[in-house]
J.: 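Once you've had a glance at the structure underneath, I'll fire off some questions.
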Amino acid sequence: MENYIYNSDVGTFTIVQKGLLQYELWIGEELLGEYQTAEQAAEDVATFNTDYVEWDRFRNELENFPTSLPEWTVVSEETPRK
């Protein structure tokens, strides 16, 4: 299973694969959403549409952030979640 990580100024976003067509978007220990693809989760981060106020408020202000999934770091080990 592939997981992805992005370290931002407000915290670490993680996209965790939970099954064939199930991904979760986390920041720290907070679950932000569930998606059918990792690309959809990364798109919500890129468009500041995560429902995480500390990140979403930077819309139109940040210049350095991943605009697509290939810009995230692939994590080879499985990240345990409760």
Side-chain angles (χ1 to χ4, degrees):
M1 293 195 185
E2 290 187 340
N3 299 322
Y4 304 87
I5 195 167
Y6 165 58
N7 292 309
S8 76
D9 290 339
V10 299
T12 300
F13 286 98
T14 309
I15 300 172
V16 179
Q17 186 174 7
K18 295 305 240 180
L20 183 60
L21 292 174
Q22 183 181 6
Y23 293 83
E24 296 176 343
L25 176 62
W26 293 81
I27 187 157
E29 296 297 317
E30 184 175 343
L31 177 63
L32 300 177
E34 296 179 344
Y35 302 84
Q36 289 184 340
T37 67
E39 289 82 1
Q40 290 171 330
E43 182 179 332
D44 272 0
V45 173
T47 59
F48 299 87
N49 190 32
T50 65
D51 290 331
Y52 186 69
V53 176
E54 292 300 313
W55 174 255
D56 294 348
R57 69 185 177 97
F58 286 113
R59 179 184 300 242
N60 299 323
E61 292 181 27
L62 290 182
E63 295 177 12
N64 252 348
F65 60 91
T67 57
S68 63
L69 188 61
E71 296 175 49
W72 288 59
T73 302
V74 177
V75 180
S76 58
E77 59 198 30
E78 193 165 323
T79 305
R81 292 288 176 191
K82 296 177 183 176

J.: Say you draw a straight line from CD of Glu54 to CD1 of Ile27; how long is it, rounded to the nearest 0.5 Å?
T.: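 Atom-to-atom, Glu54:CD and Ile27:CD1 are 9.0 Å apart.
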J.: Looking only at heavy atoms, which two atoms of Pro66 and Ala46 are closest? And how far apart?
T.: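 Closest pair (atom of Pro66, atom of Ala46, distance): O-CB, 3.5 Å.
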J.: If I take atom CD1 from residue Ile15 and atom CG from residue Leu32, how far apart are they, to the nearest 0.5 angstrom?
T.: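 Answer rounded to 0.5 Å: 10.5 Å.
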J.: What is the distance from atom CG of Leu31 to atom OG1 of Thr14, rounded to the nearest 0.5 Å?
T.: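 Going from CG on Leu31 over to OG1 on Thr14, the span is 11.0 Å.
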J.: Indicate the ring-plane relationship of Phe48 and Trp55, choosing parallel, tilted or perpendicular according to the 30° and 60° boundaries.
T.: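 Taking Trp55 first and then Phe48, their aromatic rings lie parallel (interplane angle under 30°).
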J.: Please identify each residue that fulfils side-chain contact (heavy atoms from CB on, under 4.5 Å) with Gln40, with sequence neighbours left out.
T.: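 Only Tyr35, Gln36, Thr37 meet the side-chain contact (heavy atoms from CB on, under 4.5 Å) criterion with Gln40.
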J.: Could you tell me the separation between the CD atom of Glu34 and the CD atom of Gln22, rounded to the nearest 0.5 Å?
T.: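 With rounding to 0.5 Å, CD (Glu34) is 5.0 Å from CD (Gln22).
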J.: So how far is it from Leu69 CG to Glu43 CD, rounded to the nearest 0.5 Å?
T.: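 With rounding to 0.5 Å, CG (Leu69) is 11.0 Å from CD (Glu43).
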J.: Hey, what's the ring geometry for Phe13 with Tyr52, parallel, tilted or perpendicular (30° and 60° as the breaks)?
T.: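 Ring orientation, 0 to 90° scale: perpendicular.
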J.: Donor-acceptor pair, distance only, cut-off 3.5 Å: does the side chain of Asp56 make one with the backbone of Thr50?
T.: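 Answer holds: yes.
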J.: Hey, does the side chain of Asn3 reach the backbone of Val74 with a donor-acceptor pair shorter than 3.5 angstrom?
T.: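 No: the side chain of Asn3 does not pair with the backbone of Val74.
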J.: Decide side-chain hydrogen bond (donor to acceptor under 3.5 Å, both in side chains) for Thr67 and Glu71; before the verdict, give the C-alpha distance in whole Å, the side-chain angles of both, and the deciding distance to 0.1 Å.
T.: CA-CA 7 Å; Thr67 57; Glu71 296 175 49; 2.7 Å; yes
J.: Please list, chain by chain and in numerical order, all residues satisfying side-chain contact (heavy atoms from CB on, under 4.5 Å) with Thr73, sequence neighbours excluded.
T.: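 Per chain and number, Thr73 pairs via side-chain contact (heavy atoms from CB on, under 4.5 Å) with Ile5.
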J.: With no hydrogens and no angle check, is any side-chain donor or acceptor of Glu24 less than 3.5 Å from a backbone partner on Val16?
T.: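 No; judged by distance alone, with no hydrogens or angles, the pair does not exist.
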